A.B. asks: 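Before I ask anything, let me first share the structure, which is written out below as C-alpha cells.
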2 protein chains.
Amino acid sequence: MNHDLLLESIAKHIHLTEDERTLFLSYIQTKKVRKKQYLLLEGEVNRFAMFVTSGCLRSYNLDENGFQYIQQFAPEGWWMGDMYSLITQEPGHLYIDALFDSELLLISKTNLERLYKEIPKFNYYFRILAEKSLVSYQTRAMENLRLTAKERYEKFCLRYPSLVDCLSQKQVAAYIGVTPEFLSKMLHAEPELKS
Amino acid sequence: MNHDLLLESIAKHIHLTEDERTLFLSYIQTKKVRKKQYLLLEGEVNRFAMFVTSGCLRSYNLDENGFQYIQQFAPEGWWMGDMYSLITQEPGHLYIDALFDSELLLISKTNLERLYKEIPKFNYYFRILAEKSLVSYQTRAMENLRLTAKERYEKFCLRYPSLVDCLSQKQVAAYIGVTPEFLSKMLHAEPELKS
DNA sequence: GATTTTTCTTAACCTGGATTAACTGTTTTG
DNA sequence: CAAAACAGTTAATCCAGGTTAAGAAAAATC
C-alpha cells in the first residue's frame, strides 16, 4: 500500500507497536488530486496535514501584483501544509496546489490532536520534523538575503534534485525569487548551471 | 528569582507538578555575560540552549567578505541557540554574542535529552515552540525575497519593538540585509519610518 | 490536428541597493 | 583626557535584477 512511505518516515524516528500503527492508520485518509487542483486557498483554514506518496505539491503566496512566491515544493515523501493555519486553525495566507497528478495521505487536525494524546511519542516525531524544517527555513531566510540569484538556483538544485528536470523554469523562478525572464537569461549566460 | 520568566513561558503551554518543576530547575544553570562576549563561535558545537532573562543576544553568520547577516535578536524572554548544531551536535555556522550585558539560563543538550525522557510533556512544549518559530522563519524567508528594504525595516520594527530604539543602525542593517549606508539614506529619505 | 494558452527567449531600458570614499560625530580604551 | 576605534552621513558611480514588449516554441484543449 502507499502507506509504506509514511510508515518508513515515522519508523526512522519512533517505534510503533502493532496496535499503535493500526490506530494511526485509522486516522489517515487517502486523496487523489489532478494536476492544477487546489488543496488550499488563501483565506481558508488548513484542516489537514498532507503527506505526498506520489506526484508533487507546491505552496505559494501571491503579492499584490499577482506574483507567485513559492514557499515549498513537496515531492514524494514530503509533508505539506500551511503551518500557520494548521497550528492556529485560523485563515492562512498560502495557496497549495498540485503540480502533477498526485496521491496524498491526509490526517485531519482533529485526528492529529487525538494522536498526540493517545500516542504521545508522536509529539517527539513531529517535534523532530518541526526542528529540522525550522533549521532549513532559518537557512533559507538568510540565503535569500545573502546569495545572488545564481547561488540560490544552485541551492534549489541541491535541495530538490528530483525536480530540477521536471519543473518549468517559471516554477523555479518563483521559488528562487526572480522573474522568468531573468532566469532564462541567467541559464543561457551560464550553461554550466544546466548540469 | 530570574527563573520566573522562563517558568511563565512554560506554564503557558504545559502544567508542571512541584516535583517536575524542581527536577527541571535542577537541570538549569545561570550565566552572566558582558556586552560583546561570545557565547558561540562558528565551527563550535552548541551544547546549550539559552534563555535570556535580561539584556539581549544576537546570532549571525559571516559571509566570505566579512559581512554580518543577523539571524535573530534575543531580548528578554526569548530562547537562543544554533538549532542546527544543537540538534545534530555537529559544528555550526553561527556566531552568538551579547549586544548588552545579559543574564541567561542555560540547559545543556544532555539535560535537555534527560528532560524529554523524564518529563515527556517537554516534547510538547518544545514542539509548540519549534512550530511557532518555524512559521516565523517561513514568513521571513518569503519576505526576504518579496519585500523591499523599507518594508523589511517596518517588519523589523513590528517584530522587535523593544529594540528599535536601542540598537545601532548597523545592527538593524545587518538584520534587514542592507548596507549601513543604504539604511542611513533610507531613514533620512523617509523620516516617517523613525516613529 | 487546429487553436488557444502557456512557457521561453531576446533585447532595450530602468531602478533599488551596493560600492567606494571622504568627512563627522561618538564611544571606548589606554 | 587624548587617541583610536567605531557609527553615522553624504554623494558619485556601478550593477544585479526588474520591466516592458514582442516573437517563437511548446503544451493544453477542443
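Quantities reported herein were computed from a predicted structural model and do not represent experimental measurements. Per chain, numbering begins at 1; letters A, B, ... match sequence-line order.
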A.B. asks: Would you mind reading off the distance between B/Arg34 atom CZ and C/dT29 atom P, rounded to a whole angstrom?
C.D. replies: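 Taking CZ of B/Arg34 and P of C/dT29, I get 11 Å after rounding.
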A.B. asks: Start with the C-alpha distance between B/Lys155 and B/Glu143, add both sets of side-chain angles, then the distance that settles salt bridge (charged side-chain N to carboxylate O under 4.0 Å, His left out), and finish with yes or no.
C.D. replies: CA-CA 9 Å; B/Lys155 296 284 179 186; B/Glu143 288 175 350; 3.6 Å; yes
A.B. asks: Hey, what's the ring geometry for B/Tyr125 with B/Phe122, parallel, tilted or perpendicular (30° and 60° as the breaks)?
C.D. replies: perpendicular
A.B. asks: Between atom OH in A/Tyr69 and atom P in D/dG17, what is the gap in whole Å?
C.D. replies: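 Rounding to the nearest Å, OH of A/Tyr69 and P of D/dG17 are 14 Å apart.
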A.B. asks: I need the NZ-P distance between B/Lys150 and C/dT15, as an integer number of Å.
C.D. replies: 17 Å
A.B. asks: If the cut-off is 4.0 Å, is B/Gln171 near the phosphate of D/dA7, judged by side-chain N/O to OP1 or OP2?
C.D. replies: no
A.B. asks: Are a donor atom and an acceptor atom from the side chains of A/Arg58 and A/Gln68 found within less than 3.5 Å of each other?
C.D. replies: yes
A.B. asks: Within this structure, what is the CG-to-P distance between A/Leu147 and D/dA16, rounded to whole angstrom?
C.D. replies: 15 Å
A.B. asks: Distance alone, cut at 3.5 Å: any donor-acceptor contact between the side chains of B/Tyr27 and B/Glu118?
C.D. replies: yes
A.B. asks: The helix from C/dG1-D/dC30 to C/dG30-D/dC1: angle between its terminal axes, five pairs each, to 10°?
C.D. replies: 60°
A.B. asks: Can you measure A/Asn65 atom CG to D/dT20 atom C1' for me and round it to whole angstrom units?
C.D. replies: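 One finds 14 Å between C1' of D/dT20 and CG of A/Asn65, rounded.
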A.B. asks: If you restrict it to nitrogen or oxygen atoms, what contacts under 3.5 Å exist between nucleotides 25-28 of chain C and the protein, and what is each distance?
C.D. replies:
| unit_1 | atom_1 | unit_2 | atom_2 | d |
| --- | --- | --- | --- | --- |
| C/dT28 | OP1 | B/Lys35 | NZ | 3.1 |

A.B. asks: Using the ring-ring contact (aromatic ring centres under 6.0 Å, His included) criterion, which residues pair with B/His93? Sequence neighbours excluded.
C.D. replies: none
A.B. asks: Which residues, ordered by chain and number, are linked to A/Leu158 in its hydrophobic cluster, where ILVMFWY side chains connect at heavy-atom gaps below 4.5 Å, directly or through other members?
C.D. replies: none
A.B. asks: Flag this pair as yes if the NZ/CZ of A/Arg127 is under 6.0 angstrom from the six-membered ring centre of B/Tyr116 and inside a 45 degree cone about the axis; otherwise no.
C.D. replies: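 Relative to the ring axis of B/Tyr116, which defines the angle, A/Arg127 lies inside both limits.
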A.B. asks: Provide, to the nearest angstrom, the distance between the CZ atom belonging to A/Phe100 and the P atom belonging to D/dA27.
C.D. replies: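 The answer, rounded to whole Å, is 12 Å.
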A.B. asks: Contact list please: residues 175-185 of chain A against DNA chain C, heavy atoms, distance less than 4.0 Å, in numerical order.
C.D. replies: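 Close to the strand are A/Glu181, A/Ser184.
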A.B. asks: Looking at A/Glu20 and A/Lys121, is there a salt bridge between them, counting it only when a charged N and a carboxylate O are closer than 4.0 Å?
C.D. replies: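 Salt bridge flag = yes for A/Glu20 with A/Lys121.
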A.B. asks: Which other residues belong to the hydrophobic cluster containing A/Tyr137, where Ile, Leu, Val, Met, Phe, Trp and Tyr are joined when side-chain heavy atoms lie under 4.5 Å apart, directly or via other members?
C.D. replies: A/Met83, A/Tyr84, A/Ile87, A/Leu134, A/Val135, B/Met83, B/Tyr84, B/Ile87, B/Leu134, B/Val135, B/Tyr137
A.B. asks: Verify the distance criterion only: is there a donor paired with an acceptor across the side chains of A/Arg47 and A/Thr110 at less than 3.5 Å?
C.D. replies: no
A.B. asks: Nearest to the side chain of B/Lys170, which nucleotide is it out of D/dA7, D/dT9, C/dC8?
C.D. replies: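 Closest nucleotide to the B/Lys170 side chain: D/dA7.
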A.B. asks: Figure out the CE/C1' separation between A/Met186 and D/dC15, and round it to whole Å.
C.D. replies: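 The distance from CE of A/Met186 to C1' of D/dC15 comes to 16 Å, rounded to the nearest Å.
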A.B. asks: Grab the CD-P distance between A/Gln169 and C/dT6 for me, whole Å please.
C.D. replies: 18 Å
A.B. asks: May I ask you to establish whether B/Arg21 and B/Phe24 are in a cation-pi arrangement, using a distance under 6.0 Å from NZ or CZ to the six-membered ring centre and at most 45° from the ring axis?
C.D. replies: no
